[in-house]
Amino acid sequence: MVEATAQSSTGAVIDPYRNYNFKLEIQGIVEGHFTECSGLGIKVHTIRYREAGLAQIVRALPGAVEYADVTLRYGLTRSRDIWDWLMRTVSGQIDRRNVSICMQEPDGVTEALRWNLINAFPSEWCGAALDGLGREAAIEQLKLSFDKLERA
């Protein structure tokens, strides 16, 4: 008989993580004040085929794996780290870096889990909206493309 842990026992309340309690680690980027991270996803394309003699049955096989681009939103600062990384890609010098998205425990300090984006590079940038009558922080947006996604 398998013993049930406190987390999986019947009636135990397991609260979900809060979406604001995250941090990003980008290899070589020191200053980045990220306010949002979205788009994390995987799609496994399906290959459909019919077997000879069974024309009414369509079977499916897993095909190519596609990772969705991840969008980062961050407050505009004097730091040029992210801009310089983007400009190297624009000039044809693709600078691939490993990026980690880390969910934090409710204490805001302890890491609960992480997703690693392997060989990521900036693929799209959108500047902050400027408004002479606004009072909000200037937020830029950066999209990252990557080769592989791991969950640790």
Side-chain angles (χ1 to χ4, degrees), residues 2-48 60-152:
V2 178
E3 249 182 72
T5 63
Q7 289 186 347
S8 64
S9 63
T10 304
V13 176
I14 302 172
D15 290 331
Y17 294 113
R18 306 298 193 260
N19 68 347
Y20 61 83
N21 215 357
F22 72 97
K23 69 178 182 177
L24 275 100
E25 296 175 359
I26 300 177
Q27 171 188 345
I29 301 290
V30 177
E31 294 184 44
H33 306 281
F34 299 98
T35 60
E36 186 179 330
C37 174
S38 62
L40 192 61
I42 300 174
K43 180 177 182 176
V44 178
H45 292 274
T46 304
I47 301 168
R48 301 201 182 275
L61 292 172
V65 176
E66 183 179 335
Y67 299 105
D69 290 344
V70 169
T71 301
L72 305 177
R73 292 174 44 91
Y74 56 95
L76 177 61
T77 66
R78 289 180 187 250
S79 173
R80 293 185 52 100
D81 291 343
I82 293 173
W83 179 258
D84 291 343
W85 184 29
L86 171 69
M87 287 298 104
R88 280 191 291 282
T89 300
V90 168
S91 68
Q93 303 170 10
I94 299 177
D95 180 6
R96 295 178 182 267
R97 299 182 181 192
N98 294 331
V99 175
S100 295
I101 303 164
C102 308
M103 287 298 303
Q104 303 298 103
E105 292 287 352
D107 64 12
V109 177
T110 310
E111 184 177 305
L113 57 97
R114 78 171 41 213
W115 293 273
N116 296 317
L117 314 179
I118 308 301
N119 293 326
F121 63 93
S123 58
E124 188 176 330
W125 173 83
C126 185
L130 305 176
D131 180 357
L133 299 176
R135 294 179 180 216
E136 298 166 2
I139 303 293
E140 292 183 307
Q141 184 172 292
L142 182 73
K143 280 195 180 181
L144 299 177
S145 296
F146 53 96
D147 290 341
K148 184 179 178 184
L149 177 66
E150 298 175 343
R151 181 172 167 179

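Using the six-membered ring where Trp is involved, Trp125 and Trp83 have ring planes that are perpendicular, over 60° apart on the 30 and 60° scheme.
Residues Pro122 and Trp85 share a closest heavy-atom pair of CD-CE2, 3.4 Å. When all heavy atoms of Thr46 and Ala60 are compared, the pair lying nearest together is CG2-CB, 3.6 Å. The two atoms that bring Asn119 and Arg96 nearest to each other are O-NH1, 3.2 Å, heavy atoms only. For the residue pair Ser145 and Asp69, the shortest heavy atom distance occurs at OG-OD1, 2.9 Å.
Listed for the Arg18 side chain is a donor-acceptor partner under 3.5 Å among the backbone atoms of Pro16. No side-chain donor-acceptor contact under 3.5 Å links Asp95 to the backbone of Phe121. Of the possible donor and acceptor atoms, none in the side chain of Asn116 sits under 3.5 Å from a partner among the backbone N and O of Ile118. Between the side chain of Glu105 and the main chain of Ala112, no donor-acceptor pair closer than 3.5 Å is present. Remark: side-chain polar atoms of Gln27 are paired, donor with acceptor, to backbone N or O of Asn98 under 3.5 angstrom.
Annotation: side chain to side chain contact (heavy atoms under 4.5 Å, CB included) contacts of Met103 (sequence neighbours excluded): Tyr17, Phe22, Leu113, Trp115. Considering only residues two or more places apart in sequence or on other chains, Arg114 meets the side-chain hydrogen bond (donor to acceptor under 3.5 Å, both in side chains) condition with Glu25, Ser100, Glu111.
The structure places CG of Leu86 at 6.5 Å from CG of Leu142, a figure rounded to the nearest 0.5 Å. The distance from the CG atom of Leu144 to the OG1 atom of Thr89 is 9.5 Å, given to the nearest 0.5 Å. Interatomic distance, Asn19 CG to Ser38 OG, rounded to the nearest 0.5 Å: 11.5 Å. Atoms NZ and CD, on Lys23 and Gln104 in that order, are 5.0 Å from each other to the nearest 0.5 Å. Here the CG atom belonging to Leu24 is positioned 8.0 Å from the CG atom belonging to Leu117, to the nearest 0.5 angstrom.
A 4.5 Å side-chain heavy-atom check between Glu36 and Ile139 finds every atom pair outside the cut-off. Side-chain contact between Ile42 and Tyr67 is present, with at least one heavy-atom pair separated by less than 4.5 Å. Side chains of Val70 and Cys37 form a contact here, defined as non-hydrogen atoms less than 4.5 Å apart. Residues Ile82 and Glu140 are not in side-chain contact: their nearest non-hydrogen atoms beyond the backbone lie 4.5 Å or more apart. Annotation: side chain of Val99 is not in contact with side chain of Ile29 (no heavy-atom distance under 4.5 Å). Side-chain atoms of Phe34 and Ile26, non-hydrogen and from C-beta on, do get closer than 4.5 Å to each other.
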